[in-house]
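This report concerns only the one structure given below.
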Amino acid sequence: FRIGVVHGHQVVPWGDAESLAVINRQLDCDILISGHTHKFEAYEQEGKFYVNPGSATGAYSALDTDITPSFILMDIQSTTVVTYVYQLIDGEVKVDRIEFKKP
């Protein structure tokens, strides 16, 4: 896997899927990790995987006042990445699993 990392402040508008796709094409990655919005998001688009781990502390975001504290762990094995998403929801830690396979 080729993995790209950007803070996200250079993505205009912040968190915009099409703007992230442009950056992904420039970096030529399979997975693009971005941030800045402090909001978790993960999706697959055109055979690429995009993930924003959010904010482990639930820090303020100018885009959304309802921020859920979150972080991710990525398990990379051969052509598969399993992303574990940890979110603090109603005082409980919830863990979700997202799998991405390289086309």
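Since the structure is predicted, the reported quantities are computational estimates derived from the model, not experimental observations. Nothing fancy with the numbering, it's 1 onward along the sequence.
- The shortest heavy-atom contact between Ala21 and Gln45 is CB-NE2, 3.7 Å.
- Hydrophobic clustering of Ile, Leu, Val, Met, Phe, Trp and Tyr side chains at less than 4.5 Å, counting indirect connections, keeps Tyr50 apart from Val85.
- Follow the hydrophobic side-chain contacts under 4.5 Å out from Leu88 and you reach Phe71 in the same cluster.
- Between Phe100 and Phe1, the ring-plane angle classifies as tilted under the 30° and 60° cut-offs.
- Side chains of Gln87 and Asp96 form a contact here, defined as non-hydrogen atoms less than 4.5 Å apart.
- Taking every heavy atom of both residues into account, Ala56 and Pro69 meet most closely at O-CB, 3.5 Å.
- At a threshold of 4.5 Å between non-hydrogen side-chain atoms, the residues Met74 and Ile31 count as touching.
- The side-chain heavy atoms of Val6 and Leu27, taken from C-beta on, include a pair separated by under 4.5 Å.
- Under the salt bridge (charged side-chain N to carboxylate O under 4.0 Å, His left out) criterion, Lys94 pairs with no residue, sequence neighbours left out.
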Can I get a per-line list of side-chain donor-acceptor pairs under 3.5 Å for residues 75-84, giving both atom names and the distance, sequence neighbours left out?
from, atom 1, to, atom 2, distance (Å)
Asp75, OD1, Gln77, NE2, 3.0

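- When all heavy atoms are compared, the tightest approach of Cys29 to Asn24 is O-OD1, 2.9 Å.
- Atoms NZ and CG, from Lys101 and Asp30 in turn, are 14.5 Å apart once rounded to the nearest 0.5 Å.
- The salt bridge (charged side-chain N to carboxylate O under 4.0 Å, His left out) test applied to Glu18 returns Arg25, not counting sequence neighbours.
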Just list the side-chain donor-acceptor pairs under 3.5 Å for residues 37-44, sequence neighbours left out, or say none.
from, atom 1, to, atom 2, distance (Å)
Thr37, OG1, Lys39, N, 3.3
Thr37, OG1, Asn52, ND2, 2.8
His38, ND1, Ala59, O, 3.3
His38, ND1, Tyr60, O, 2.9
Lys39, NZ, Asp64, OD2, 3.0

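- Residues meeting the side chain to side chain contact (heavy atoms under 4.5 Å, CB included) test with Pro53, sequence neighbours left out: Ile33, Ile72.
- Evaluation of the side-chain hydrogen bond (donor to acceptor under 3.5 Å, both in side chains) rule for Thr68 yields no partner, not counting sequence neighbours.
- In the hydrophobic clustering of this structure, Ile98 does not group with Val95; members are Ile, Leu, Val, Met, Phe, Trp, Tyr whose side-chain heavy atoms approach within less than 4.5 Å, directly or through other members.
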